Amino acid sequence: MLGPIAQNLVFGIMVGGLYGLAAVGLSLVFGVTKFLNVAHGELLMLGGYAGFWIFTLWGVDPFLSLPLVVVCLVLIGLVLYKLLFARMVKLTEENKIKNTLLVGFGLSLVFQNMALRLWSADDRGITTAYSGQALTLFGVRFPVVRLASLAIAVVTLLLLDLFLHRTYTGKAIRATVQDWEAATLMGIDIHRVYLLSFVVGAAVAGIAGALVSVGYSIEPAMGLEWTLIALIVMVLGGLGSIVGTFVGGLVLGVTQSLTSYWIGGTYREIVALLIFLVVLVFRPQGLFGSKEG
Amino acid sequence: MLTVEEIDAGYKDLQALWGISLAVNEGEIVALVGPNGAGKTTTLRVISGLLKPSAGCVLLRGRSLAKEPAHRIVELGISQVPEGGRIFTGLTVLENLELGAFGSNARKVKDQSLQWVFGIFSRLEERQRQRAGTLSGGERQMLAIGRALMSKPGLLLLDEPSFGLAPLLVEQIFQMITEINRQGVTILLVEQNVRAALELTQRAYVIENGRIVGQGSGEALLSFESVRSAYLGSS
Amino acid sequence: MTGKRIITLVLIIAVLALLAALPAVVSRDSIINMAVLVLLYVALASSWNILGGYTGQTNLGHAAFFGLGGLTTRLLWLSAGWSLFPSLLAGAGAATTLALIIGTPAFKLKGVYFAIGTLALGQVLNVTVGDMFPMITSLPVQQLVSYQLLPRYYLFVGLAVLTVGTAYVLVNSRLGLGMMAVREEEEAAESLGVSAFRHKLLALVVSAFLAGLTGGAFAFYHVGYYPQFLFSPVWTFDALMMAYIGGTGTIIGPIIGALFFVVAKELLALRLVEIHLTVFGTLFILVVLFLPGGFVQAWASIRRALVRQLGARGVRLASRRQAS
Amino acid sequence: MRSRISVLFVLVFVMSGLLTACGSPTAAPATQVPATQAPEPTDVPKPPTPAAIEIGASMPLTGKYGALGAMVKPGYEYAVADINAAGGIYVKEYDAKIPLRLTIYDDESDPTKAVSKLETLYSDQKVVAYLGGAGSDMHAATSAIAEKNGVPYCGVAFALWQIHQQGYRYLFSPFPKSPDQARDVYEILNGLPEGERPTKVAIFQEKTDWGIELGGLWKDNAATYGYEVVAYEEYAPRSEDFSGMILKAQAAGAQTLLAMPSPPDGLAMVKQMAELGWAPEFSLIIRAPENVTWGETLGTTGDYITIFPGWHNGEKFPGVAELNAAYQAQFGRPADLLTGPAYACVQIFADAIARAGTLDRAALRDAVAATDMMTVVGPVTFNADGTGNVLNPLIQWQSGKLELVWPPEQATADLLFPAPAFDKR
């Protein structure tokens with residue numbers, strides 16, 4: 001009895017790690033810039049296709065090609081920021097959210113169709129030679145691909161956290177989150193901070209997308225679903241905490257898995273969402289968010 | 001050192017400053033006093049580049065700041081302590097101070113500046129590992145000033161440093177301001193606490209409805225009738 | 001009566017006359033269908049705008065009200081054999097009830113937390129309805145054979161008028177002022193004795209009622225769909241985009257937004273089958289970049305600029321006249 | 001003034017309500033433009049010959065059914081091109097051969113948009129027949145429009161049977177339906193020697209109408225054929241994690257898996273089966289593995305899985321070879337699974353138009369109902385409910401390729417059974 005539950009838990013944690021990673025990028029961008037980029041799911045999709053393409057064209061292992069995927073997404077992020085989002089920096093917070101939402105919506109249409117032209121509407125995914133393999137520990141199977149994905153998610157998260165807390169630039173980002181005007185008075189160029197966060201957010205989305213293409217599958221219309229998940233996880237964890245966001249993802253993933261084992265597959269989403277709402281009623285600032293912000 | 005010439009500025013359709021001119025000489029403490037909403041804070045925002053004037057110009061040592069973005073002006077030597085301090089409450093005291101030295105020149109001498117600031121505000125040294133949000137009101141103001149000093153400014157702009165503080169603390173903060181000035185930092189001080197400010201400063205400007213309506217030495221202004229009646233009340 | 005108001009009144013009457021006469025002018029069902037879609041979105045976006053635009057609470061769960069109205073109306077009208085208007089009212093009532101139930105907990109949340117909280121709420125209903133009603137709801141054959149588009153068209157005309165009219169009356173009332181005060185500065189409004197909660201709840205209830213009615217009208221209009229379809233978050237996002245791109249917090253904004261959105265998209269879809277979404281997406285981005293406050297704000301600034309220019313010219317003319 | 005505007009709003013609202021309720025008095029069928037004239041006495045000159053026979057389709061080229069739409073669309077296009085290459089269809093009413101004109105719109109996998117596209121086809125192009133899109137939600141909405149407008153509708157790529165039980169007269173589907181799929185799987189398994197049959201069955205049922213229909217039929221039929229359902233698991237579409245269900249099936253010792261996942265669910269399901277080390281001896285997974293990229297995406301993990309796709313390019317019917325050749329030239333592979341049935345739909349319409357001798361939609365509908373012909377999917381006749389009597393082939397992924405394994409007279413390869421463990425593939 002305990003065996004299946006433990007096994008189930010393992011899968012829940014692994015899917016939760018991806019939820020977390022998807023949300024971390026969004027949360028960083030939103031926290032710093034107040035850009036609500038609803039094309040975040042599409043960035044994830046592009047990351048997935050980047051990994052997929054590198055794998056099919058050159059046969060590069062999807063985990064080894066992650067740096068390349070990051071480079072691709074950094075470039076995409078740069079172009080998007082310079083071309084579109086840079087124009088939104090000076091708007092008031094409310095208008096920023098509005099306009100970025102609209103631009104994001106337009107972008108998601110464009111990206112979806114680009115992907116459709118480039119890769120067709122078929123579902124794609126990466127299967128490596130070791131894809132079906134699993135390590136067995138105490139009778140519980142740990143699929144190597146998912147284990148590696150989770151490890152990469154955790155490492156990405158830790159690196160991001162270190163970057164934000166240990167480097168000068170990271171501290172400048174955190175200061176900008178709190179009070180961009182005061183940050184300007186420190187001599188921080190908030191345009192650069194915005195650009196950097198946007199690009200890092202895109203890169204993290206790209207990593208998440210590549211991992212999705214390894215563990216699950218990708219298709220041009222997948223973006224909206226991932227944007228919704230990322231939004232919910234971002235709020236569940238609480239704004240302003242990278243680690244909190246990630247933990248929020250884990251909580252969501254584990255809840256879904258346990259629900260589908262105990263109550264039934266049809267309820268996995270409902271139960272998770274209800275738990276999210278209950279959390280919000282009792283902690284309106286999310287699990288790890290502080291009221292001070 | 002700082003010359004403000006004929007500045008017009010405002011927000012959207014609302015003009016807040018009308019032809020403001022003032023000058024601050026090297027080593028001085030100059031006060032800008034006036035009632036609420038007179039345009040004091042707006043003047044400081046124009047000087048530090050947060051708000052670009054629609055007419056007129058700001059010169060630092062004869063160099064125009066018109067084209068400089070706000071974050072560059074810090075590197076050029078003007079540092080502002082905004083109203084209420086606006087410290088980064090989620091970061092530690094030390095991190096706040098480090099961010100004060102964000103500019104590349106200031107960053108090179110960060111450790112030195114840190115010792116200097118700790119020398120002035122020893123309380124901050126004790127609390128450097130604490131989250132800034134846990135500090136008391138007076139400590140927050142000290143941190144805000146200390147953070148501004150970390151950029152090694154030639155000119156320090158202080159916006160209402162006494163705001164919301166107990167009288168005893170106000171006195172303490174003003175002593176520290178004098179000390180900072182004595183160590184070679186020119187200061188432009190915006191205050192509502194006119195008596196305290198005028199006692200501290202060599203010179204002061206009086207601003208009303210976005211216009212400079214009077215100037216003179218601190219003591220002279222103290223005896224200035226309109227200032228007396230307007231800001232010092234019956235006392 | 002000022003001149004401006006007369007113009008407004010004349011414009012309104014002209015638009016209404018046009019709407020009333022449209023079926024007589026064009027005989028093509030495709031045009032009437034497109035008009036139905038425009039009116040549907042006018043109603044949906046305007047109802048969203050009451051809470052989202054005027055009261056400043058970004059509701060991302062609007063589809064729940066639309067869907068619940070549609071579900072209830074469809075069940076009563078199609079399965080239980082009620083006549084249309086009671087079913088529509090029941091649908092709107094169901095949506096209103098939901099609004100009353102969720103209002104108190106939902107307004108504990110602020111800003112983006114409110115937005116995402118309502119999104120999750122909408123998704124709960126979306127998934128639940130998908131689970132409980134997995135079967136398609138199609139009109140029975142007899143009804144299909146006797147299906148008439150025009151009554152449906154006029155229902156949507158009435159609905160759009162009702163929604164826009166309600167929004168108009170509401171925002172011009174004391175309650176509307178209170179709502180806008182809450183949007184601008186919640187605490188300041190409270191200090192003036194405006195209960196933020198009560199105004200928000202009122203806005204939510206009115207918004208939900210109208211969305212529920214719109215859902216009901218859709219249920220009457222559409223021949224066959226899955227009940228879950230009405231709960232898709234896409235309805236919310238479409239309504240929000242239309243309000244945003246038209247201009248939130250204005251009466252005309254959502255109307256223009258819906259018109260632009262539906263007509264541009266539909267025309268592109270018919271002409272550029274393969275790349276219509278790319279083109280529409282790009283067009284959308286361009287509009288946002290060049291008209292950042294939406295159509296209404298852009299128009300206002302264009303008018304201001306024109307007036308300024310004309311004014312300047314007027315002054316110049318006057319001075320030249322003086323000089324000569 | 002303000003109140004005057006309000007009064008105006010109220011007035012208009014009440015009026016429009018009245019119009020809605022009474023049904024508009026002007027709602028005469030101004031839209032019912034007759035496509036053709038009724039047959040007339042012979043001394044009256046013939047009506048002018050139309051330049052083309054208009055047929056149209058609204059299909060999901062984007063959105064979640066985009067992949068299905070991409071397989072269906074070329075089938076229609078090749079069929080139309082082939083018929084037009086032969087000069088078109090002879091229509092007795094005009095005593096002339098008239099070419100087909102096909103209009104295709106994208107409905108973004110959204111039933112509301114599909115409805116508006118079909119209305120446009122009806123009122124602007126005045127189509128005499130609708131070709132269906134893909135995905136059962138889409139068919140459900142669009143077939144109702146066909147019924148409403150009285151336009152014959154031929155749809156493929158959906159196995160939903162219920163949709164045919166609503167009394168629709170204009171809906172035709174030359175495609176295997178759930179009852180066929182629920183019967184044939186056990187028939188095929190019972191072709192295996194007794195004692196080797198994988199009698200313990202796990203059913204993973206997607207909670208959608210087709211899932212409920214087919215899952216229920218599989219369950220009901222099991223006992224009749226000597227099978228036992230040891231795990232019956234329901235799930236909502238778009239679940240990322242199937243481990244709970246797989247673990248239960250594994251624990252129950254299931255040897256056969258029957259499922260109907262959408263492509264993303266199917267890929268996730270099979271990947272997780274491999275990771276959890278559960279390899280049923282026989283898997284029938286309809287839908288997801290029909291995706292042309294299944295083999296490429298999963299490699300050997302995707303092998304041994306069987307499908308009821310409705311058609312396969314290895315079938316030995318007239319026209320298949322030519323279709324494959326054309327497809328090969330354009331896409332670099334033989335025709336996809338849904339391309340043949342789509343092609344057949346146009347063949348059926350062409351045949352019916354020729355037999356009806358008119359472009360009148362009602363007459364055309366009767367002609368379609370009376371269809372008895374050979375197509376690229378084999379012989380086709382229709383039942384009264386619009387379902388087709390067609391071949392229901394079983395195919396299997398073998399070494400990254402789709403092989404036709406049943407019925408034996410069509411087979412291109414033998415059924416591989418039992419499937420080995422995933423790491424031994």
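Each chain gets a letter, A, B and so on, in the order its sequence line appears, and its residues count up from 1. Keep in mind that what you see is a predicted model, and the values were worked out from it rather than measured.
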Heavy-atom proximity to chain A below 4.5 Å, by part of [X]:
X      : result
D/L267 : side chain
D/D423 : neither
D/T301 : side chain
D/Q250 : neither
D/L61  : backbone
D/L247 : side chain

Exercise for the section: Measure the shortest side-chain to side-chain distance between D/T62 and A/Q112 over non-hydrogen atoms and say whether it is less than 4.5 angstrom. Expected result: no
Handout entry: Any side-chain heavy-atom pair of A/D122 and D/V292 under 4.5 Å
Key = yes
Problem - Within residues 205-216 of chain A or reaching into it, pairs that qualify as side chain to side chain donor-acceptor pair (under 3.5 Å) - sequence neighbours excluded - result: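 Residue pairs passing side chain to side chain donor-acceptor pair (under 3.5 Å), neighbours aside: A/R146-A/Y216.
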Under 4.5 Å from any heavy atom of chain D - which part of [X]:
X      : answer
A/F142 : neither
A/V214 : backbone
A/S131 : backbone
A/A221 : side chain
A/E219 : side chain
A/L116 : side chain
A/R268 : side chain

Handout entry: D/K200, NZ: over 12 other non-hydrogen atoms inside 6.0 angstrom
Key =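 No, not enclosed.
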Exercise for the section: Give a yes or no on whether a salt bridge exists between A/R141 and D/E275, defined as a side-chain N under 4.0 angstrom from a carboxylate O. Expected result: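 Salt bridge between A/R141 and D/E275, a charged N being under 4.0 Å from a carboxylate O: no.
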Practice task
May I ask you to decide whether D/R238 forms a salt bridge with A/E269, counting only side-chain N to carboxylate O separations under 4.0 Å?
Solution key: no
Working to the nearest 0.5 angstrom, can you tell me the gap between [X] [atom1] and [Y] [atom2]?
X      : Y      : atom1 : atom2 : value
D/M245 : A/S260 : CE    : OG    : 8.5 Å
D/E234 : A/T266 : CD    : OG1   : 5.5 Å
A/N113 : D/E108 : CG    : CD    : 8.5 Å

Shortest non-hydrogen separation from [X] to [Y] and the atoms involved:
X      : Y      : answer
A/A121 : D/G66  : CB-C, 3.3 Å
D/P264 : A/S217 : CA-OG, 3.4 Å
D/K248 : A/Y261 : NZ-O, 3.0 Å
A/G125 : D/T297 : N-CG2, 3.2 Å
A/D123 : D/P263 : OD1-CB, 2.9 Å

Donor-acceptor list for residues 14-22 of chain A side chains, cut-off 3.5 Å, not counting sequence neighbours:
unit_1 : atom_1 : unit_2 : atom_2 : d
A/Y19  : OH     : A/Q256 : OE1    : 2.8
A/Y19  : OH     : D/E240 : OE1    : 3.0

Fill in the blank from the handout: Ranking A/A129, A/G215, A/P220 by heavy-atom pairs under 4.5 Å to chain D gives rank one to A/G215
